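Remember, it's a predicted structure, so these values are computed and weren't measured experimentally.
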Amino acid sequence: MSAPAWIVPDWPAPRGVHAFVTTRDIDLGPDGGGRERVLAHVPAKPRWMKQVHGAHVSRLDAEAGAITADAAVTSAPGTVAVVLVADCMPVMLCDDEGERVGIAHAGWRGMAAGVIENTVQALGAEPSRAMAWLGPAIGPRAFEVGEDVREAFLRVDSRSDAAFAPRGGGKYLADLYSLARQRLARAGVTRVHGGGFCTLSDAARFFSYRRGGDPGRMGAFIWRE
C-alpha cells in the first residue's frame, strides 16, 4: 500500500514494533468496506473492539471473543491492536525493549476519565522506559467545547486550564494534544512524539465526525514481531 493511504508514526520505536494510521483512502467504518484491504498489511486479523468513549483497557493476551473497550495492550507477537477514530485521538505506546505495545482511543470523554493513564498502567512497563505517539485528531484551532468539557479536566488537574482558549459565551477551543501530553506526564511517560494534525480542517486526508455527513473512520494499528 502506498502513501497517502496510511501514516507511519515518526517515533524512535524499537525495531520489531510496527504501527500505522490509515487515511480516508481506506474507510474502516461499518459500511466502508476497508477492513479487507488492511488484512494484507498486518500479520493477523486485528482485534477490533466496540468503543464506547470510556476508559477500560483490554488486555488482549487474556481476552477472547468480542471486546468492549477503548484501549488495548499486548505483549504477544503478531497480535494487532487497533482503534477507530474520526476526530478522537489514537495514542500509541510501546516500551524500550519492544516487548509491549498499547493503543488508546482518546476522545475528550475517555481522556477525562483516565483512558491514557489506564493504558500506561496496563502496558506493564516502567513509564520512564515507555514512549508514546499522538496520531491524527481534531486540532486546537477547530475543537470548540463547552464549560462542561473544561471542568471535566480541571477536576483532575487545574493545570489543564492552559489547554483551553476562551471563545466567549462559555465556549473554548480545546487542545487535545496538550491534554494528552499532560495526561501522559501524569502517568510518567515524558517521551511523546507526533501531534500537529487536524482531522476537521484536513478534509483531503481525514474523516471527521464534526465535519458532518462524513461517517467514515480511520484505523490506528500497532503490533510487535
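Residue Phe153 is not grouped with residue Leu173 when hydrophobic side chains (ILVMFWY) are merged at heavy-atom distances under 4.5 angstrom, including chains of intermediate members. Leu176 and Leu154 are members of different hydrophobic clusters when ILVMFWY side chains are connected at heavy-atom separations under 4.5 Å.
Side-chain contact check for Pro136 versus Val85: every heavy-atom pair is 4.5 Å or farther apart. The shortest distance between side-chain heavy atoms of Leu184 and Leu93 falls below 4.5 Å. Side chains of Val82 and Ile103 form no contact here, defined as non-hydrogen atoms less than 4.5 Å apart. Residues Leu28 and Phe221 have side chains in contact (heavy-atom distance under 4.5 Å, counting atoms from C-beta outward). Put simply, the side chain of Ile7 does not reach to within 4.5 Å of the side chain of Phe20, judged on heavy atoms. The side-chain heavy atoms of Phe164 and Leu179, taken from C-beta on, include a pair separated by under 4.5 Å.
For Ala180 against Met89, the heavy-atom pair with the smallest separation is CB-SD, 3.8 Å. The heavy-atom pair separating Ala204 from Arg24 by the smallest distance is O-CD, 3.4 Å. For the residue pair Ala104 and Ala71, the shortest heavy atom distance occurs at CA-CB, 3.8 Å. Here the closest non-hydrogen pair linking Pro90 and Ala220 is CB-CB, 3.5 Å. The minimum heavy-atom distance linking Met111 with Val115 is given by the pair N-CG1, 3.8 Å. Of all the heavy atoms in Gly65 and Arg47, the pair that sits closest is O-NH2, 4.2 Å.
Contacts of Arg15 classified as side chain to side chain contact (heavy atoms under 4.5 Å, CB included), with partners at least two apart in sequence or in another chain: none. Shown here are the side chain to side chain contact (heavy atoms under 4.5 Å, CB included) partners of Ala69, two or more places apart in sequence or in another chain: Met49, His56, Ser58, Ile67. For His53, the ring-ring contact (aromatic ring centres under 6.0 Å, His included) test picks out His105, with sequence neighbours left out. Evaluation of the salt bridge (charged side-chain N to carboxylate O under 4.0 Å, His left out) rule for Arg141 yields no partner, not counting sequence neighbours. Residues satisfying the ring-ring contact (aromatic ring centres under 6.0 Å, His included) criterion with His18, sequence neighbours excluded, are Trp223. Judged as a salt bridge (charged side-chain N to carboxylate O under 4.0 Å, His left out), and not counting sequence neighbours, Glu63 has no contacts. Residues that satisfy the side chain to side chain contact (heavy atoms under 4.5 Å, CB included) test with Ala122, not counting sequence neighbours, are Val57, Arg59, Val73. Arg100 meets the salt bridge (charged side-chain N to carboxylate O under 4.0 Å, His left out) test with Asp95; sequence neighbours excluded.
Applying the ring-ring contact (aromatic ring centres under 6.0 Å, His included) test to pairs two or more places apart or on separate chains, none has a residue in residues 65-100. Contacts classified as side-chain hydrogen bond (donor to acceptor under 3.5 Å, both in side chains) and involving residues 79-90 (residues at least two apart or in different chains) are given here: Asp87-Thr199, Asp87-Ser208. For residues 110-127, every residue pair satisfying the side-chain hydrogen bond (donor to acceptor under 3.5 Å, both in side chains) rule, not counting sequence neighbours, is listed here: Glu117-Arg183.
Note: Phe206 and Phe197 have perpendicular aromatic rings, judged against thresholds of 30 and 60 degrees for the angle between ring planes.
Here Asp157 contributes atom CG and Gln182 contributes atom CD; the two are 6.0 Å apart, rounded to the nearest 0.5 Å. Going from atom CZ of Arg211 over to atom CG of Leu200 covers 6.0 Å, rounded to the nearest 0.5 Å. Separating the CH2 atom in Trp133 from the SG atom in Cys94 is a distance of 12.5 Å, to the nearest 0.5 Å. Here the CG-CD1 distance, from Asp70 to Ile116, works out to 12.0 Å after rounding to the nearest 0.5 Å. Within the model, atoms CZ of Phe143 and SG of Cys198 stand 11.0 Å from one another, a figure rounded to the nearest 0.5 Å. Note: Arg35 CZ to Thr22 OG1 = 11.0 Å, rounded to the nearest 0.5 Å.
The closest donor-acceptor contact from the side chain of Ser178 to the backbone of Asp175 lies at 3.5 Å or more, if one exists at all. In terms of modelled atom types and a separation under 3.5 Å, the side chain of Asp61 and the main chain of Ser75 share a donor-acceptor contact. The closest donor-acceptor contact from the side chain of Glu144 to the backbone of Lys171 lies at 3.5 Å or more, if one exists at all. Checked by atom type and distance alone, the side chain of Tyr177 pairs as donor or acceptor with a backbone atom of Gly135 at under 3.5 Å.
Comment: Asp27 does not engage Arg217 in a salt bridge, judged by the lack of any side-chain N to carboxylate O separation of less than 4.0 angstrom.
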Practice problem: Verify side-chain contact (heavy atoms from CB on, under 4.5 Å) between Arg150 and Val145, making sure each step is shown before the conclusion. | Solution: CA-CA 8 Å; Arg150 177 172 170 270; Val145 301; 5.6 Å; no

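Checked against Met92 for a side-chain contact (heavy atoms from CB on, under 4.5 Å), the options Val17, Val21, Val83 give a single hit: Val21.
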Enumerate, atom names and distances included, each donor-acceptor pair closer than 3.5 Å involving a side-chain atom of residues 186-193, sequence neighbours excluded.
unit_1 : atom_1 : unit_2 : atom_2 : d
Arg191 : NH1    : Asp96  : OD1    : 3.1
Arg191 : NH2    : Asp96  : OD1    : 2.9
Arg191 : NH2    : Asp96  : OD2    : 3.1
Arg191 : NH2    : Ser128 : O      : 3.2
Arg191 : NH2    : Ala130 : O      : 3.3

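Between the side chains of Asp25 and Trp6, no donor N or O sits under 3.5 Å from an acceptor N or O.
Atom CZ of Arg210 sits in a crowded spot, with more than 12 heavy atoms from other residues, nucleotides or ligands closer than 6.0 Å.
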